[in-house]
Each structure stands twice: as C-alpha cells, then as structure tokens.
Amino acid sequence: MDAQTYTEGLAELRTLRDDIKKAAAALARLEAQRDKTVTALAAHHKAKAERIAPAAGLSIADVVALAPQLAPQDMDTAAPAPGPAEPAQPTAPAPHTPLPPTPQQQPTEAASPRELPALPQDTDTTRWFTPTPGLASQHPNFTQQPHPTVFLDATTGTLVHRDHTVRLDLGDRSAAAILTAVFHAVPDTIQRIYITAGAPWHRDADRYPYLRDAVAAWLNAPTPGWRVDTGRGRDRMAGHFVHARNPVARYQRTSGDHHVEIRSVGEWFDLDQNDHPGIVRDAFRLLWEELRRHFSDAVILGSPSQTGRDLWTRTIPRRGKHADGFPVLSEELRGLLHATAGQGRNELLTPPRIPEQLPALIEYDRTFAYAKHTWKSPVGAPRRVTGKTFASWSAKEQHDALYGCGHWHIRVTVPDGWNHVGLLPAPAPGERAWHYPAAPGTTFTTWAGGPEVHTALTNPIQPWKVEILDGILWEAGKPLDEWSKKLKETWTNLSAQAHFQGDAQQARAAHLASRAVRSILLYGIGSFAQRPRMVTGTTPRSMERDVPPDAEIIGFDDEVITWQRPTGFARDPNAHPEWAAAIWSAARAALLTQYHRADNTHAGALHTAPGTVVAFRTDALYLTQPQNWPYHHHPGDYLLKGHLTGPVDAPTSEEELLALRDTGRQALTTPPDNT
C-alpha cells in the first residue's frame, strides 16, 4: 500500500465515522420515540403487553420494563432457556464460546435479582416426588439408520462426498442456491450437508443489528422446490433451528420424500482456516470407526447431543434392577431443577479484587472435565428431606446425605475473614444468571448440589456456614458409567492417534475426532436437562395481530416477524435434569478443589494464593501464578493451556479476557526467538 492509498483510506474512515455517528443518533431518537409511544399506549385501560410487544418489536419483558403496570399476573421470574428442535446445544453452550446477546437479553440483564422457587410448604408433596406415569428411559427396540452426509466449504464452494471432491458455484450462498448446487453434484440420497467454512447464514449480517436476525432471515428466505421440513419418523426433527452461530436448516422436497439438513460443523469442533472439507470428512470417518469399537450399533446423528443420547440409550440395561428403565421425574421437579441448577461457572474477577496490573495470566483447562463426574448419578424416585429432618440426623447421616446425590435449598453465610473466591452460586440479575458472593458476612439463599455444599463445609481454608432449608435426595446409581467409560476409551484412542500419527492430515483429523467425542459427552449431558420446549414461527408483518400472545419476538424484517414461544416440557423419556445438575455441581466443585490420589495432592482455585484467581470459565481457571499440579492426560486433570507473561492489564470484560487467553495460548506454543 502506498502513501496516497493510505491517506485516502484515512479519509474514508473519517467519513464512515461521521456516518456511523449520524446513524447511531438517528437510531437513538427512534428508540426513544418507540419507548415514549409504548409508555403512552400503556396508559390505555385495555392495554396489554402481549399486544404491544410485537408491534414494537420487543419482548413482553422489554415492554414490562418500560411499563411495569402491564406485567402479567403469572409472569415467571425465571425465564425459560431456548431449546426448540435441538434440545442439547442451547442447554450446554460450548465452553469458551460466548454468543452475541439478543435484543431481549440486554434489558433483562439489568433487572432486579430473581428469586428462586422452592418446594411447596404443604406437607402433601406426593405429586412432586412421584415420577411421571408411563415415562421411563428404556433400551431402544429399533436399529438406528445412518444419514448420508457431504461436507461443504461455503467460501470456496469445495464439496466433499465420500472420496470425491468437486468445486461448486454457490451463487449468492442462499439456502436455495446451496441446495440447487449440491444436488446437481450428488444424489438425492444425501440427507445432511455440513458447512465447514463460510457461515452462509451470516451473508447479510451487516444489514441486521444482531446475528440472530440475519440467521432467521436466511433460514426463512424462499427455497423453490423445497419447503420447511415438517418431520416424520423417530429421528427426523421438524422446522428450522435459529441459532446465532450454529443454526440448523431443515427442508423437504415439495414433491417426494427427500429430507435434508444444512448444519454447521461448529457444533462438533472448532476449525481453523487450513481445515479442508476432506479433513473434516476424515475426522467423522475416524469418529465413526472408533465409536463402533465400543458401541456396536453406533451411528453419527446430526448433532453431538443427538448422538450422545442415542448412544447412551443403547447402554440401558435390559436385565437387572433397572430393566424397566430409569423413571422420569415429575414435571414439577423438572421445572424446579431447570430454574435452580446452573451450568458451568463463568466469573471474571476485576480490580480491586485483583491487581490492576497482573504479573502473568496463566490458563489451566480441565481435560475432558465432565467425564470425571459421571461415575455416580441419582436414580429412581427421590425423597424430600426437610430442614427439620436434616437437623435431626447424626453427623454421619448428614455427611452421607451431602456426599450422596442431592439438590439442596440452603441459606449461606460467608465467614468473617474470608479473603478468597466465592464457593456457592447465588441467583443474579438476568435470565438464568449466577454469581458467587465472597464478601465476609454476606448471607444469601440459593440451591446447590451436594458436591458444592460439601466443599463449602469442608474446604481447606475455612468452613462456611450453611443451613439446610429443604432438599431432594436420590439413591446413588451408575446410569451413565458404561456410556461414559466407552466415550473415554474412544477419546483416549483418538487422542493417541493424533499424537503418534505420522501423517499431518490424519493427525489433524484424529484430533478433531477426539474433540467431537468431547462434544458428544458434553452436549449429551446437557441434553438430559431438557429445557422447556420452544416453538419458533413466523408471521407476515401485515398480520402481526396473529403473533401468539405469549410469543417473544426474536427478529423481524420488512416481510415477516420471527417469534418463539414456550410450550412446556415434552414427554421425553430421556429427560433427566437430575443427572445434568449433579455433574454440573461436581464440575463446579472441582474447580475449587480436586484430590489427585495417585500424587497425594490437591488442585483447584482454593489451592492458590488469595488474589491470584482472575477468572473461571466452565472447566478452566485463569491465574496470575503458575501451579505445579499433576497432569497425566486423564479426564479432569488441569492442563496448562496458555501462559502470557506480564505485566498484563487486568481484563475488565469477557472480550478482553478472551483476547488475552488467545494471546497466552499462542505464546505458550510459540518457541522463543533466540536470534
């Protein structure tokens, strides 16, 4: 670039800067006018938030925030999490992969702290503690069918089908153009198209304020010769799945019975710019071959969560104690767990809790972490343990209960003199948000699993005061143990291939396949949580009165309004939120303290000096001092993954932390320049 081009570029930037300022000012004026109009309409004696929301392009919660008098009487304080056609991906977002906020998330994050639900106070809770009649997880009586798949780079048009590679002209990269180009090159037996690069659903992202709007527009664009899949059969899901990063487009020929999905391979693992679709094909081939060594009837389904749950069902015993299956909890208890059992711990500590200047930023990531916590899980119908009952037990009975499989309603007090990180999650403002109080003397009421409560009472620094108010206690069993062991063996074999394979492409494929096994377990566990179902739909702008009154607007353009609404819990025979909750609790506890028996030592945040913990991110710790923790490549071991030498400005946002994380990882893998 010469000096003249550089100068012209600066001039262009100044013009763009001014245009952006003008557009932002105009947008602010329009939003202010919209809010003013909403407030004015709310004064009408027949005004309803559910009518005003679609007209304003806001959620009901947004309208209520502007006009509190319109709050529905039965408005839930714990909003349901998304999860319509893909039950797993929303329940367990991939670690270290933040999603952009939707318009509806921003106002609710500023709301007052939510109150967690409790068990009913009356003594008759039989209905709550009786499993759902006629619903249990049982071994499937059918053979899973494979779905022929191709792999497409939407940037270059490179398509890999089995051992053949062709270059396609994808036109405008619309779904219609992709379907036309692909099925000119491959037979109609193909049922799945994995996008390996290019993210075509983001092609018009600059036209929309949020990625989700761009994705919805791409999914709902016309596709001549195809219609949205209405779903048939055991494994065929219906409708598109709107997701900012990894959407799923499902289509069916308008004539005939040909069904096809367009999906992102990002559901399985992260790729870099050098990963050709052929490497991705090889990764899935290796994954299938290794799974078949441990699961004789293994089939790779569309997502890790679907695959994980399908593989698990094939380990359900046909004989013995659980031959009749694992019962599904009542809808009441499933709803309680949905509202009170958080997932991974994500917390950023900022000054003055840590120094403004960090001497270093060091990342320790727990390898294949959730696989460490599947050896024991709650089974059967639970029982209620009231605070009075718990207090009447002996110390051993209390210890055994907290060390067992339970979910506890507790009142917590941080002890005087405490100078380390928080130990127990407390409800924070926002949808399903949690924080970890650590200030001495702080008292709060929350729910937590047995591993965390036990850790708070027996931590190596100073015991916390924990009062049991109520609880749910299960018998301990091993419903996930065989499934998890087989996945761990698969992961170990693929990891070894990645390490010892001499061919660079095959080594990369084996590494990706090992990451896919991690996703199968991670998202498979998340899918057990079974969030309340959400239905996504569209309504023409000219018919916006027909938007369901309980719907949340998730996108709109000049033609249609895209919305979603909850429909409650499905009769899912594999819904076991108690399993997901127990594993998440154990994983959060292990971030604080974990015993390595073979080395007779401990690891975790509580075994670091006060003020040296910078952040928690699901299964990773960010510290300012290195630790001599053992690493044997076993699930749960702390792997040194990044090391950024200081001085480093303490991150004050997630974006800053992730930028430092990436720099630290690069620094750890780049040899020093000794020239």
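Computed from a predicted structure; not experimentally measured.
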Centroid-centroid distance, [X] to [Y], less than 6.0 Å:
X	Y	value
F129	W474	no
W483	F295	no
H511	F269	no

request  = Quick one: closest heavy-atom pair of H596 and A603, and the distance?
outcome  =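 Heavy atoms of H596 and A603 come nearest at NE2-CB, 3.8 Å.
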Where P427 and H435 come nearest, the two heavy atoms and their spacing = O-NE2, 3.7 Å
query = What class does the angle between the rings of H407 and W447 fall in, given that below 30° is parallel, 30 to 60° is tilted and above 60° is perpendicular?
reply = parallel
key: Qualifying residue for salt bridge (Lys or Arg N to Asp or Glu O under 4.0 Å) with E363, from R665, K641, R661   = R665
A side-chain contact here means heavy atoms from C-beta on lying under 4.5 Å apart; do [X] and [Y] qualify?
X	Y	value
N246	W268	no
I195	W201	yes
Y370	P635	no
D275	D272	yes

Between [X] and [Y], a side-chain donor and acceptor under 3.5 Å:
X	Y	value
D257	H259	yes
D637	H632	no
H634	T367	no
S303	E267	no
H240	R250	no
Q497	E290	yes
S527	S305	no

ask   = Is there a donor-acceptor pair under 3.5 Å between the side chain of S514 and the backbone N or O of S495?
value =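 Not a single qualifying donor-acceptor pair exists.
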